[in-house]
There are 2 protein chains.
Amino acid sequence: MLTIKEIAEMARVSRSTVSRVLNESGYVSEEARKRVLEVVERTGYVPSQHAQSLRTKKTRVIGVVLPKLGTETAGRVVNGINEILSEQGYQILLTSTNLQAEKEIEYLRLLKSRQVDGIILSATNINDNLLAEIKQLKLPFVAIGQDIPSVSSVTYDDFHAAKAMTELMIKKGRSKIAFIGVDEADQAVGVMRKQGFLQAMKQNGLQVRKEWMVTADFDIPSGSRAMAQILAETTEGNKPDAIFCVTERIAVGAMQTLKETGFKIPAQISITGIGASDISKYVDPALTTMDYENETAGKEAAKMLLAQIEKNILTHKKIVLNGRLIIRNSI
Amino acid sequence: MLTIKEIAEMARVSRSTVSRVLNESGYVSEEARKRVLEVVERTGYVPSQHAQSLRTKKTRVIGVVLPKLGTETAGRVVNGINEILSEQGYQILLTSTNLQAEKEIEYLRLLKSRQVDGIILSATNINDNLLAEIKQLKLPFVAIGQDIPSVSSVTYDDFHAAKAMTELMIKKGRSKIAFIGVDEADQAVGVMRKQGFLQAMKQNGLQVRKEWMVTADFDIPSGSRAMAQILAETTEGNKPDAIFCVTERIAVGAMQTLKETGFKIPAQISITGIGASDISKYVDPALTTMDYENETAGKEAAKMLLAQIEKNILTHKKIVLNGRLIIRNSI
DNA sequence: GTTAAACGTGGAATCGATTCCACAACATAG
DNA sequence: CTATGTTGTGGAATCGATTCCACGTTTAAC
C-alpha cells in the first residue's frame with residue numbers, strides 16, 4: 001500500500017504539498033500540482049481512510065442496524081438508504097440483529113467504536129435499555145419504523161393504515177371481521193395497527209369477537225397457523241367474512257390456509273394486509289394491501305441523517321409517511 | 001470520545017498497560033488489571049477502531065459488492081455472509097452497484113482505500129476491466145455466482161440445474177418446450193443455463209424452435225413480456241406444452257401471462273424456473289423450481305474469505321453448489 | 001549469595017494522513 | 001527603498017492506538 005510519503009518523494013515535494021493538492025486547500029504552484037497529480041494517477045494511490053479518519057474525525061460511514069436481513073422489505077429500506085448516501089460519498093456499515101434484542105445495543109456500541117458519522121436503526125421492539133443507549137450515543141441518529149421519544153424518526157401512520165384497510169372491507173359489506181396481529185412489544189405493528197382496526201370496528205358499530213383476534217409472528221407459515229387457529233374457533237353457522245392481517249406475509253399465509261380449507265376468496269371471505277412486496281401481487285387472488293414504500297422510508301431517513309451530520313446539531317424531527325392503498329382482488 | 005490516554009490517567013497506569021490489559025498480552029499485575037477494567041467498565045470506553053486499524057493494518061471489516069439490493073435473493077446472500085462474519089467479529093461494508101457495471105470497479109477501489117480485510121463480490125457481468133482490477137487488488141477475495149479465472153468463487157452448477165429442470169419436464173411427457181433466458185453477458189445465468197437447456201433437448205432428440213427462445217431481464221414484468229412474445233409467435237395448432245425460465249421471477253411473470261391468456265397450468269402447459277424465494281411457493285399453481293440456497297452460498301463465501309485472511313495466503317479455491325430440486329404443481 | 005530467569009511497568013517510536021506555523025521569495029504600494 | 005502582502009513550501013505536531021525496548025523488582029536455582 002502506497003503512502004503519502006512515497007507519493008511526496010516521487011513527486012519531489014513534501015507530504016504537506018501532496019495533501020494540499022489532494023484536498024485543494026492552501027497554495028500550490030501549478031508545477032507542483034501537476035507533478036503530484038501525475039504520480040497519483042500513475043500509481044493509483046488512494047489515501048488511507050483510517051489515517052484520514054483518525055485525523056479529521058470524519059469517516060463517511062453510516063451504521064445501519066436492521067432487525068433482519070433477507071426479506072424484500074429490509075432490502076428495499078437499505079436500497080433507499082444506499083441511494084442517498086452513495087450519492088454523497090457515504091458508505092454503509094451493515095449489521096443485523098436477527099431479531100435478538102440484546103444485539104441491538106451491542107451493535108450500537110460497535111458502530112460507535114468504528115466512529116461512524118451517524119446511525120440508522122430499524123427497530124422492532126423498543127425497550128428501556130435500548131432507549132437509554134440511544135440517548136447517550138451523542139451521534140446523529142434516525143429510527144425507521146418505530147417512533148422513539150426525542151429522537152428523529154421516519155415512521156408510517158400505522159393507525160390510519162389499519163383503520164383504512166378495515167373500513168375498506170366494511171364498506172364492501174363485510175362485518176364479521178377477524179384480526180391477525182403480532183406481539184405488542186412491537187409498538188408500530190403490534191399496537192398501532194391493532195388500535196386502528198379496533199377503532200374502525202367500533203366507529204361502525206361492529207362487534208369484535210375475542211376468539212377472532214389472534215397473534216402471529218412475522219412470517220408466512222405463522223400466518224397460516226394463526227388463520228387455522230381462528231377457523232378452529234368457528235362454528236359452521238358463524239364464519240368470518242373478512243380478515244385483516246397486520247402484515248402482508250401474514251396475509252399470504254392466512255390466504256393459503258383459507259384456500260386449502262375451501263374458502264372462496266373474495267366471494268366468501270375478504271382478506272387484506274399491510275406492506276407491498278412482490279409476493280402480494282402474484283398470489284391468487286392478488287392481495288389488497290397498503291404499500292409502505294420502504295425505499296422512500298430509507299431515503300428519507302438517509303436525508304434526515306445527512307442533514308443532522310452537516311448541521312452538526314442533534315435536533316430531532318419526525319416524518320410520518322402515508323401508505324398507498326393498493327386494491328386488488330382479495331376483497 | 002474517551003481515549004486510551006485518559007483511561008490510563010484515571011487508572012493511574014501508562015497507556016501501554018491499558019493496552020496490555022485490553023489485548024491480554026504481556027505481563028500485567030492483578031492490581032493494575034483490576035483498576036483498568038474497572039475504569040473501562042465505568043466509563044464505557046471503547047478503543048478507536050481507526051487508530052487500531054492504522055497501527056495493526058487489520059480492520060475486521062469485509063467489503064461486499066452486490067449488483068442490486070432489495071431482492072430477497074440479495075438479502076439472503078448478505079444474511080449468510082453476515083451470519084458467519086459477525087460470529088468472528090467482522091462487519092460488513094455494503095455497496096450496491098444497482099446494475100451499473102462501471103461502479104463495480106469504483107467500489108472495489110473504494111473498499112480498498114477503506115482497507116477492508118477482504119472483499120466478496122456478487123457479480124453479474126464480468127468484463128476485462130473488472131478482471132484486471134480484481135487481479136491487482138492483492139486482497140483476500142471471493143466471487144459469488146460467477147466463475148472468475150484464478151480467483152476463489154462460490155458458484156452453482158447452472159448447467160446441470162437447467163438440464164435437470166428441462167429433463168424433468170421431458171419426463172412428464174412434454175416436448176414442445178419454450179425457453180426464456182437472459183443476456184449472455186451474464187455467463188452463469190445467460191450462458192450456462194441456456195446450454196443446460198439445449199443439451200437436455202438435444203440428448204432427448206427434441207427440436208428447439210428459434211422463435212421460442214427469447215430473452216428477458218431479471219424482473220417479473222419482463223418475464224410476462226417475454227412470454228407474450230413467445231405466444232405471439234405461436235399458431236393455434238402448435239402451442240408450446242412447457243416453458244423453462246432461467247429465473248424464478250421470470251417464471252412468475254410468464255405464468256401470469258399464461259393465466260391471463262387462458263392457459264391451464266399444468267394441464268396444458270408446464271412451467272419451471274430456477275431460484276426459490278417465497279414467491280414461487282405462493283403463486284398459483286406453486287412453481288417447480290431449483291432452490292439455490294443463497295444463504296449457504298453467502299456462508300460458504302464468508303468462510304472461504306476468512307480462511308484466506310487467516311492463512312494470509314492468496315490461494316484460490318472453487319466451490320460449486322448443487323441446487324435442491326423443488327417439485328410443485330406447475331408441471 | 002551470586003546469577004539468571006520471570007514479572008511489571010513506562011517511554012518512545014510508529015502507523016498515514018492533516019494542518020498550523022515559520023520562513024523564503026517575490027511583487028506591489030507608499 | 002523600506003514596508004506589506006501574496007504565494008509557495010516544508011517542518012513538526014497531532015489524531016489514538018500498539019508494541020518494542022530498557023529498566024527495575026522479585027523469585028528461583030545452584
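By convention in this document, chain letters (A, B, ...) are assigned in the order of the sequence lines, proteins followed by strands, and residues within each chain are numbered from 1.
- In this model, the phosphate group of dG8(D) is not approached by any side-chain N or O of Tyr27(A) to a distance below 4.0 Å at OP1 or OP2.
- Nucleic acid contact for Lys5(B): none, since no nucleic acid atom lies under 4.0 Å from a heavy atom of the residue.
- Atom-to-atom, CD of Gln52(B) to P of dC15(D) comes out at 18 Å; the value is rounded to the nearest Å.
- With dG8(D), dT9(C), dG16(C) as the choices, the nucleotide that has an atom nearest any side-chain atom of Leu54(B) turns out to be dG16(C).
- Between dA17(C), dG16(D), dT9(C), one nucleotide has an atom nearer to the side chain of Thr3(B) than all others, and that is dG16(D).
- As judged by a 4.0 angstrom heavy-atom cut-off over every strand, Val18(A) is placed among residues making no nucleic acid contact.
- Here the side chain of Ser153(A) pairs no donor or acceptor atom with the backbone of Ile144(A) at under 3.5 angstrom.
- When the nucleotides dG10(D), dG10(C), dG16(D) are ranked by their closest atom to the side chain of Ser14(A), dG10(D) comes out on top.
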Strictly under 3.5 Å: I want the nitrogen or oxygen pairs between protein and nucleotides 19-24 of chain C, one per line.
from	atom 1	to	atom 2	distance (Å)
dT19(C)	O4	Ser16(A)	OG	3.4

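- Side chains of Asn82(B) and Ser86(B): a donor-acceptor N/O pair is absent below 3.5 angstrom, by distance only.
- Both Gln115(A) and Glu30(A) sit near DNA chain D, but only Glu30(A) has its closest nucleotide nearer the 5' end.
- Neither side chain, Glu72(A) nor Thr71(B), offers a donor N or O lying under 3.5 Å from an acceptor on the other.
- Atom NZ in Lys112(A) sits about 14 Å away from atom P in dG16(D), given to the nearest Å.
- In this structure a side-chain-to-backbone donor-acceptor pair under 3.5 Å is present from Asp117(A) to Arg60(A).
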